[in-house]
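Worksheet for the structure shown next.
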Amino acid sequence: MGLVGWPLAHSVSPRLFRDAFRRAGLPWRYERFPVQPNGLARLVASLRAQDVRGFNVTIPHKQAVRAFLDTESPAARAVGAVNCVRIRNGKLWGTNTDLAAFVADLRAHRMAASVRGKRVVLLGAGGAARACAFGLLSLRPSELVIANRDLRRARNLAADVRRAALSPRRRVRVSAVALRSASPKIRRAALLVNATSVGLRAGDRLPISDAFLRAPLAVYDLLYNPPVTDLLRRARLHGCLAVGGIGMLTRQAAAAFRLWTGRKPSPGAFDPVNLGHHMITKRR
Ligand code: NDP
């Protein structure tokens, strides 16, 4: 098993899975497979040929990897992004465990109910943002604003979400804006979600003005390392409920574990509290 992406240095998935396999008494390994886009096809072909049960997919390959799969789940098809692949008899099956993990973590932090009938602003239009957009749709906001650096990508995602939201039960206004113009949209939003990779590197700062980060706005940042991103720090300073992505990470990882092993994780595995502690001690 392993993680396919670029860059991978920040990822805690290897530690998470090795701990879970050890607790389950499984002699399995979980490796990092760092690969740039031009090497993805060759890497996937080599994983297919080896004795590998599956792999996770992260930035920037969640959409591109679909081209190499034999089949995919309805969730992967709906979202248009795959973060978990299972290999059986040389056949690759892809799914998306980010969507359910994101919604479950919003619920766990009591951020989901406040979305109903309200505006939500989603930053990003990559693989993770796609899962978030469809997850948010299930919470019935009145409006979803998708903001991205590449406006064309935001428009494409908005169009896909609009198509999915066509049924009267799910009527929601969906719009796309450039990331640098997102701040005023946050004013009347109940929830701001960061699904860009801005914040991974020290000194990274989203072009979001502090003037709009005010309670009762809730802020969810998918980044989990560092545990407190610049966005979370600023949002908390202004009284917002602000949560990082570690709970989403552990929930999607636990789902991958179940898919690969057919078992429930052992008690203590995929525990965000343990992982948060590891990450903070690592940074001291
Ligand atoms: P993608 O590469 O598919 O998308 C990256 C996104 O970040 C795009 O919207 C991109 O905008 C934006 N972006 C990148 N650099 C910049 C920049 N300098 N300024 C503005 N926008 C930028 O990655 P994913 O969608 O897979 O992942 C996004 C983030 O979410 C990652 O940090 C990842 O670690 C995290 N994540 C966390 C999960 C969790 O469980 N907590 C699960 C999945 C992801 P553009 O389109 O303009 O390039």
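Quick note: numbers below take in every heavy atom, side chains included, and nothing from hydrogens, waters or symmetry partners. Whatever order the structure lists them in is the order used to number ligands and atoms, beginning at 1.
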Salt bridge Arg23-Asp19, side-chain N to carboxylate O under 4.0 Å: yes
Heavy-atom side-chain contact between Phe17 and Trp28 under 4.5 Å: no
Distance-only side-chain donor-acceptor flag, Ser73 / Asn96, under 3.5 Å: no
Arg116 atom CZ, neighbour heavy-atom count above 12 within 6.0 Å: no
Pick out the protein N or O atoms lying less than 3.5 Å from any N or O of ligand 1, and list each pair with its distance.
unit_1   : atom_1 : unit_2 : atom_2 : d
ligand 1 : 3 (O)  : Gly127 : N      : 3.0
ligand 1 : 7 (O)  : Ser197 : N      : 3.1
ligand 1 : 7 (O)  : Ser197 : OG     : 3.4
ligand 1 : 9 (O)  : Ala125 : N      : 3.0
ligand 1 : 9 (O)  : Asn148 : OD1    : 2.7
ligand 1 : 11 (O) : Asn148 : OD1    : 3.2
ligand 1 : 18 (N) : Arg149 : NH1    : 3.2
ligand 1 : 25 (O) : Gly127 : N      : 3.2
ligand 1 : 25 (O) : Ala128 : N      : 2.7
ligand 1 : 40 (O) : Leu249 : N      : 3.1
ligand 1 : 41 (N) : Leu222 : O      : 2.8
ligand 1 : 41 (N) : Gly245 : O      : 2.9
ligand 1 : 46 (O) : Asn148 : ND2    : 2.8
ligand 1 : 46 (O) : Arg153 : NH1    : 2.7
ligand 1 : 47 (O) : Asn148 : ND2    : 3.4
ligand 1 : 47 (O) : Arg149 : NE     : 3.1
ligand 1 : 47 (O) : Asp150 : N      : 2.9
ligand 1 : 48 (O) : Arg149 : NH2    : 2.8

Sequence neighbours excluded, every pair satisfying salt bridge (charged side-chain N to carboxylate O under 4.0 Å, His left out) that has a member inside residues 53-65: Lys62-Asp98
The single option from Arg171, Arg173, Lys118 passing salt bridge (Lys or Arg N to Asp or Glu O under 4.0 Å) against Glu143: Arg173
